[in-house]
Amino acid sequence: MKQTDLAPVAWATWLAVAGLLIVVVATALPLLRIGSDVMKWIYAAGAIAVAVGRGFCRAPEGASLRLRRLYRLEMWAGIMFCVGAFFLFYQGAGHMDYMAFTLAGGVIEVYASLMIPRIAASDSKR
């Protein structure tokens, strides 16, 4: 299967989006007073899904250096979520250490999701 010039691999994008939704749900579970053990495993599953999905999302062939770097930055967001999952299971971590990596991954995702279409549109005009 050949990747088109406009979009990354579709299944990888869907996996990353599903993983992001799972991470959001897992982060909201403590507000609903649902057990922390359940939340840890749900968050970890979402983080792994985001990392795998973003790992397989590649910039289109012939993309500019900036667009390729933005796709690589999205992969780092998945890694941030995985580090957050590590801190959920690590006994020496503070109660909210995972939240710092969750927020960092979220900020990276927001920035990349806003900039990728903008850069792709400006590249297609050239």
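What you see is a predicted model, and the numbers here were worked out from it, not measured in a lab. Only this structure's heavy atoms are used, side chains among them; waters, hydrogens and symmetry mates stay out.
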[X] to [Y] - nearest heavy-atom pair and separation:
X: Gly53; Y: Leu15; result: N-CD2, 3.8 Å
X: Ala63; Y: Arg68; result: O-NE, 3.6 Å
X: Gly19; Y: Ala49; result: CA-CB, 3.8 Å
X: Ala51; Y: Cys82; result: CB-SG, 3.7 Å
X: Gly78; Y: Val50; result: CA-CG1, 3.6 Å

Following the transitive rule for hydrophobic clusters with a side-chain heavy-atom cut-off under 4.5 Å over Ile, Leu, Val, Met, Phe, Trp and Tyr, establish whether [X] and [Y] coincide in one cluster.
X: Leu103; Y: Met80; result: yes
X: Val23; Y: Met99; result: yes
X: Leu32; Y: Val24; result: no
X: Met96; Y: Val38; result: yes
X: Leu88; Y: Ile22; result: yes

By side chain to side chain contact (heavy atoms under 4.5 Å, CB included), Ala12 pairs with (sequence neighbours left out) Val9, Phe56, Cys57
I'd like to check Arg69 versus Arg66 (side-chain heavy atoms, cut-off strictly below 4.5 Å). Are they in contact?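 Of all side-chain heavy-atom pairs linking Arg66 with Arg69, none is under 4.5 Å.
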Taking the side chain as every heavy atom from C-beta outward, state whether Ile116 and Glu74 have any atom pair closer than 4.5 Å. yes
Residues 92-111 vs side chain to side chain donor-acceptor pair (under 3.5 Å), sequence neighbours excluded, gives Tyr43-Thr102, Arg54-Glu109
For this session: Look at the rings of Tyr90 and Phe86 and say which category their plane angle falls in: under 30° parallel, 30 to 60° tilted, over 60° perpendicular.
Result: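 If you compare the ring of Tyr90 with that of Phe86, the planes turn out parallel.
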May I ask you to check whether over 12 heavy atoms, not counting those of Phe89, lie within 6.0 Å of atom CZ?
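For Phe89, atom CZ is crowded (more than 12 foreign heavy atoms under 6.0 Å).
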Once rounded to the nearest 0.5 Å, what's the spacing between atom [atom1] of [X] and atom [atom2] of [Y]?
X: Ser113; Y: Ile108; atom1: OG; atom2: CD1; value: 12.0 Å
X: Asp123; Y: Leu65; atom1: CG; atom2: CG; value: 10.5 Å
X: Thr27; Y: Phe81; atom1: OG1; atom2: CZ; value: 8.0 Å
X: Leu73; Y: Tyr71; atom1: CG; atom2: OH; value: 12.5 Å

